[in-house]
Structure formats: C-alpha cells, structure tokens
Amino acid sequence: MEKRVRVRFAPSPTGPLHIGGVRTALYNYLFAKKHGGDFILRIEDTDQERFVPGAEEYIIEALKWCGIEPNEGVGFGNGPYAPYKQSERKAMYGQYADQLIKAGFAYYAFDTNEELDEIRERMKAAKGTFSYNAITRQNLKNSLVLPEEETKKRIANGDSYVIRIKLPRNEEVRFQDAIRGWVQVNTAQMDDKVLYKSDGMPTYHLANIVDDYTMKITHVIRGEEWLPSAPLHVMLYRYLGWESSMPQFAHLPLLLRPDGNGKLSKRDGDRLGFPVFPLNGELLDTKTQKPEKFSGYREAGYYPDAFVNMLALLGWHGAGNQELYTLDELVKEFSLERVSKSGAKFDPEKTKWFNQQYLRKYSDAELADAMMPILEGKNIKKDKVFVMEFCRLIKEKAHFINEFYDLGSYFFSAPTTFDPKVIEKKWNENSKPLYTKLNEKLTASSDWTNTAIQKTFEDAQAEFGKMDMQLLRVLLTGVAGGPQLFDMMALLSKEECTKRISAALVSLK
RNA sequence: GGCCCGUUCGUCUAGGGGUUAGGACGCGUCCCUUUCACGGACGAAACACGGGUUCGAUUCCCGUACGGGCUACCA
C-alpha cells in the first residue's frame, strides 16, 4: 500500500513570514491536497536567542488569511504526533543523539566558540577555510582524540560540549530531488555539523530529521537554501537507521528581487513600494532588537485568492496557458515536476494585475457591500443603489477596491479645483456663455437618464455650438479622466450636476 | 575562495533534436470613442557564449561566462 502523503511547513518564529515562506507553505498545501494527504505546521524554535514573540501567531494568521490551513499542527489542532513545536519536543532529541554516539556516528566536542573562531581567523589569513571534518577533528578537542576517561570526566564536570556528526572522509552522498534530479556531494566537502548544542537543544539538522521521521513525513518540500544541507540530512537518516523511510526531497527555487540581484528581502519592498509580507504587523527585529513595522498584502487591498494565485505561478506553471486558478484548480493541477528550477524575480506589476482580475469577478452588489463600510468610515452616507452604480462605473479603472474612493471621490463631493491642463487648452472666452446655456437647458430637462442627458447635450450643441465633453467633465469633477460621462451625470442627479456647473462657471474666469 | 544549484522576450513562463519558438505582465501602434475607460486588432521583444554528438541542436554532453544559494553551537 502507498504511504499516506504527509508534508510539513516548518518555519522558525524568528520574524514575520515572508512571501517566499508563504509560497513554500502553499506548495506543501497543494501537494498534500492533491494526494489526499496531510499538511502539518511545525514550529522550529530550537534557536532560543532568535525567538521573536508574536512571530508564531503571525504565521498562523497568515496561513489562515491565505486559506491554506494545515490540518495538523501548531494553531490548527493536534494530530497523532503532537506536540508540533520543537521546544516542546526537546526531551526526545537527546536519545537520538546518544544513539548516534553509541553507534559511532557522532562524537562529543569540547572546543569553545572562541577556539574555533580563532582557527577560522588563522585559516582565513592563510587564504584557506576551516572545516570541522574527518581530517581536522584529529587535532581538536573531542571524544575521538581525548582519552575516554577524560571525556567522561569533562561531561561529569558539567563542561560545555556539543555533539557532532562523524562524517566519513571521502564518500559520495547521492539523493534524488523531485525538482532537480540526482544531486551528489562528497563528504570531503561537508563538515561535521553540530547536532546537539551546548544549551541542550538540538540544531535544526537533528531536530528536523527526528521530527520528519517521527511525524511520518513523506515529502520534504522546502526552499533551495536547504539544498546544500540535504546530503547531511541523508547521512543522518542513514546513521539513524531510517534510510528506507527517508522522505522524498524537493527544493524549491528562490524568490528573487525585482531589480538587480539577490534574494527578495524586506528592504526591496520598502524601497520599491510593495509588500513582502502577507499581513501588516510589528515584530521585534532580531538584528536591531527593536520593534519594526512591516506592511502586508491583506492591508494593501489584495484578495487572498488573488495573492495565492499569484504566488502559485511564481515558480510553477500548469501545462497550458492558464494563469487564473482557483485554489481547487491549483490542487488539481499541481505537481512538483512542473516546478521550475530557476529562481523567479518577483514582479509587483503582475501581482496587481492578478488582483484586478479577481476584482472584476465580483458583482456590483458585492463590491457595493465592501464599499459601504469604507464610505461610512469617511462619514459619507449613500444608499446602496447609488454605491452599486458607483462601483459599476469606477471598477474598470481599479486594481483594488480600496482605490475606488480616490479614483472617484468627486462622486461624493464637488470639485474645488479644475485640471489646469484641460482648462488651459480648452477654456476660452466663448466657454462661459456656452456652458451657461447648456446648464440652463439641463436644468430645464425633465428626463435625467443617460440617454436623455446625451440628447440634451446634443440638442444644446445644435442650438449653441460645439461643446467639449472633456471640458464638461472637468467642470463636473475637476479631473480629466473618469467613467463614462453621461452615466456619471445620471448617477450624480440633475440638481447636483447643474449646481456643480454653476459653481465651476463662477470660479472660472 | 570552496561546494552545490541554475540560465528561453525587460519580467513570469510554455515548449523541446526539424516550430513562423507559444502565452501572460509591462510597453507601443491602430480600431472603438466629441470625454473616460473597458474591449478588440496588431507590433517590438528571447533560446548566455564556445566546443562537441547529430543529416540537423534552443532542446543532449562538456567547458566558459553570468546569476543564485550554502559555507555558524541560525534556521
């Protein structure tokens, strides 16, 4: 029988979850759903120094907003393998470290940070690099070279120590990545990574393997930054005797900054004016130790499904030309084979386009329902019929519903200034009498529908001479662009329109 | 520096031994339009380079260049 698919998203609570992380979570979610499996959220908080309060809650809220909820894990209910937070699983890692030591696959190391740093400095000065490996470990302070008595004594004394993996000197490690194919590294290029820290916590490497194994994870889908440590993980599975149940690896391409080179970062968002995070928030910055604010897609006005659709297409593409996918469609179509190998530069313009596509799917009534509270927040009272028509007229121009008001504020208040470019070009000494007559005719008209207004306008032209529609638009709204003129006038009402024209004619010389 | 991964229009990508190298964003032109927008049509725009293999390579192999990642008792 095929094993039930189980995947996990395993972020560290060291800061806000950035969109690269959201995409990793999304691909895990899609893969799990596609195969009818489980999607687990595990919090990897083995680094107590970089722990940021609130980060975990942020991650949970972000996944909820995106609609890609784990069915098991921190914040989403315990499954059979709880707890899902590594700090709460602390007790179980030690035994595996001991197991490795007993089997001769790991050893105690007593070198202090200062000592190792000193060696690194020296090697650097000599244009070399230091690696704690099969060769160098023979000259360092560890249980491989120290007499057994000495090791025991040091441990009994409470001396600080770490546990390192004991890698062979020269051996090829191979594994098959679902996205990249065979990847091969020689252990001579690897170093004896610390598995167990002197503070009694495991490092990522040990905890990750132990958790994936004990949680019966079948596929590890994570960012490309983990590719270099994958061989180490393979060795750990082997040494722990778990190689036959080792998960399939899949290393996702990175999200790159839109301009220049490098990984997408918070700074790029600040600099280029687009969010790099799903939600607004404020969390402690681990570097500066000060709270830092950051902005998110939710508050920028994005629909979660548009945001998710956009992220899905950044590094993955279906078989055809389709670009707009519902979550269900993504689940159906998704496969790791169709994930690209190369990094994707993030494109804020296309991201907006996605939202626009989703915006247009909503009916005017639905848009009005979303618009009413925004207007109320500005102390504007309009009935729903008015707001619906407003939405119908304004939506073609917008990418976001939160742009509606700024795009059409003149629907709610008369203009006080008039686009100087249009006035300069089109306003002349004949304008005032001409538009005064038009206004009289409009005032006298009995029918105020789109077509009736148009007819009145045309009749007035036949009678008094040619009039410019854009100029009339500016008289009414103050700005050069906007929705269809007569539709707009119809909505605004006769009283409002004629009042505005009069006012404009007074203020224009 | 070392190791690993990658490279198709500006960007996201489809494709894959023989194609007019397809789509989307953005950009431009035109049509519609006395305004505005949507829409429609069209257009400019790419296989990093050099060697192989082959009748034929953008596609396979090798190098080079370039880009990225990793190189912590961080994940």
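Because the structure is a prediction, the values reported are computed rather than measured. Note on naming: letters A, B, ... go to the chains in the order of the sequence lines (proteins, then strands), and numbering restarts at 1 for each one.
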inquiry  = Which nucleotide wins on minimum distance to the side chain of A:R338, given the candidates B:rU35, B:rA14, B:rG26?
reply    = B:rA14

Integer angstrom distance from the C1' of B:rU20 to that of B:rC25 = 24 Å

key: Pairwise P distance, B:rG10 and B:rA46 [rounded to whole Å]   = 7 Å

query = A:L311 has an atom CG; how far is it from atom P of B:rC12, in whole Å?
reply = 15 Å

inquiry  = Just to be sure I understand the rule, does A:S340 reach a base, reach only the sugar-phosphate, or reach nothing, if contact means heavy atoms closer than 4.0 Å?
reply    = sugar-phosphate

Heavy atoms from other residues, nucleotides or ligands near CD of A:Q184 exceed 12 (cutoff 6.0 Å) = yes

side-chain contact (heavy atoms from CB on, under 4.5 Å) between A:I209 and A:Y237, intermediate numbers included = CA-CA 7 Å; A:I209 270 63; A:Y237 280 103; 3.5 Å; yes

ask   = For A:D111 and A:N142, does a side-chain donor sit closer than 3.5 Å to a side-chain acceptor?
value = no

Separation of the C1' atoms in B:rU7 and B:rU64, to the nearest angstrom = 13 Å

task = Please state the P separation for the pair B:rG1 and B:rU58 - nearest whole angstrom.
result = 31 Å

ask   = With distance as the sole criterion, is a donor-acceptor pair present between the side chains of A:N450 and A:D487 under 3.5 Å?
value = yes

query = Among A:W316, A:F334, A:F9, which one satisfies ring-ring contact (aromatic ring centres under 6.0 Å, His included) with A:Y27?
reply = A:F334

ask   = Between A:L313 (CG) and B:rG26 (P), how many Å, whole number?
value = 15 Å

message = Which label fits A:F249 and A:H233: parallel for a plane angle under 30°, tilted from 30 to 60°, or perpendicular past 60°?
response = tilted

key: A:L324 CG to B:rG23 P, straight-line distance once rounded to whole Å   = 17 Å

inquiry  = Over all strands shown, is A:E323 touching base, sugar-phosphate only, or nothing at heavy-atom distances under 4.0 angstrom?
reply    = base

task = State yes or no: are the ring centers of A:Y302 and A:F354 separated by less than 6.0 Å?
result = no

task = Could you check which nucleotide pairs with B:rG63 in any of the strands shown, counting Watson-Crick or G-U wobble with both distances under 3.5 Å?
result = B:rC49

Polar-atom pairs under 3.5 Å, protein N or O versus N or O of nucleotides 39-49 of chain B: list them with distances, or write none.
residue : atom : partner : partner atom : Å
B:rG39  : OP1  : A:R360  : NH1          : 3.2

query = How would nucleotides 70-75 of chain B be written as a contact map, 5' to 3', with B for base contact, S for sugar-phosphate-only contact and - for no contact, using protein heavy atoms under 4.0 Å?
reply = S--BBB

task = Test A:D459 against A:K441 for salt bridge (Lys or Arg N to Asp or Glu O under 4.0 Å), laying out the working first.
result = CA-CA 9 Å; A:D459 290 349; A:K441 214 166 176 68; 5.7 Å; no

key: Short side-chain to backbone donor-acceptor contact, A:N402 and A:A300, under 3.5 Å   = yes

ask   = Rounded to the Å, how far apart are A:K124 NZ and B:rG2 C1'?
value = 14 Å

message = Run A:R8 and A:D212 through salt bridge (Lys or Arg N to Asp or Glu O under 4.0 Å) and show every step you take.
response = CA-CA 8 Å; A:R8 84 296 193 282; A:D212 282 348; 2.8 Å; yes

ask   = Got a donor-acceptor contact below 3.5 angstrom from the A:R164 side chain to the A:D192 backbone?
value = yes

message = In whole Å, measure the gap between the P atoms of B:rA48 and B:rU8 for me.
response = 6 Å

message = Is it the case that the base of B:rU11 and the side chain of A:E349 share a donor-acceptor contact (distance under 3.5 Å, atom types as modelled)?
response = no

query = Which one is paired to B:rA21, where only Watson-Crick or G-U wobble pairs with both distances under 3.5 angstrom count?
reply = none

ask   = Counting only Watson-Crick or G-U wobble pairs whose two distances fall under 3.5 Å, which nucleotide matches B:rG26?
value = none

ask   = B:rA44 pairs with which nucleotide, Watson-Crick or G-U wobble, both distances below 3.5 Å?
value = none

request  = Select base, sugar-phosphate, or nothing to describe what A:L485 touches, counting heavy atoms under 4.0 Å on all strands.
outcome  = base

task = Identify whether any heavy atom of A:G315 sits under 4.0 Å from a base atom; if not, whether one sits that close to sugar-phosphate; answer base, sugar-phosphate or nothing.
result = sugar-phosphate

Which protein N or O atoms sit under 3.5 Å from an N or O of nucleotides 5-10 of chain B?
residue : atom : partner : partner atom : Å
B:rC5   : O2'  : A:R180  : NH1          : 2.4
B:rC5   : O2'  : A:E224  : OE2          : 3.2

request  = Quote, to the nearest angstrom, the C1' distance that separates B:rA57 from B:rA45.
outcome  = 23 Å

message = Aromatic contact between A:F294 and A:F277, with the criterion being ring centroids under 6.0 Å apart: yes or no?
response = yes

ask   = For A:S342, does its backbone N or O pair with a side-chain atom of A:S340 as donor and acceptor, under 3.5 Å?
value = no

remark   = For B:rG1, the nucleotide meeting Watson-Crick or G-U wobble distances (both under 3.5 Å) is B:rU71

key: Atom-pair distance (CZ on A:R257; C1' on B:rU11), nearest Å   = 16 Å

task = Identify whether any heavy atom of A:M201 sits under 4.0 Å from a base atom; if not, whether one sits that close to sugar-phosphate; answer base, sugar-phosphate or nothing.
result = nothing

inquiry  = Looking at A:Q470, I'd like to know whether one of its side-chain N or O atoms comes within less than 4.0 Å of OP1 or OP2 on B:rC36.
reply    = yes

task = Send over the distance from A:M469 CE to B:rU35 P, rounded to a whole Å.
result = 7 Å

task = Would you kindly compare A:G482 and A:N186 by the position of their nearest RNA chain B nucleotide and give the one closer to the 5′ end?
result = A:N186

inquiry  = What contact category does A:A230 fall into here, base, sugar-phosphate, or nothing, at under 4.0 angstrom with non-hydrogen atoms?
reply    = nothing

task = Would you mind reading off the distance between A:Y132 atom OH and B:rC3 atom C1', rounded to a whole angstrom?
result = 21 Å

ask   = The side chain of A:L254 lies closest to which of these nucleotides: B:rA24, B:rC4, B:rG69?
value = B:rG69

ask   = P atom, B:rA75 versus B:rC4: distance in rounded Å?
value = 24 Å

ask   = Can you check whether A:T24's main-chain N or O pairs, donor with acceptor, with A:N28's side chain at less than 3.5 Å?
value = yes

ask   = Can you tell which of A:Y405, A:Y410, A:F412 makes a ring-ring contact (aromatic ring centres under 6.0 Å, His included) with A:F390?
value = A:F412

request  = Quote, to the nearest angstrom, the C1' distance that separates B:rU71 from B:rU53.
outcome  = 37 Å

task = Hey, which sits more toward the 5' end of RNA chain B by its nearest nucleotide, A:L256 or A:G481?
result = A:G481

remark   = A:R222 atom CZ is separated from B:rG69 atom P, nearest whole Å, by 17 Å

query = Base, sugar-phosphate, or nothing for A:F51, non-hydrogen atoms under 4.0 angstrom?
reply = nothing

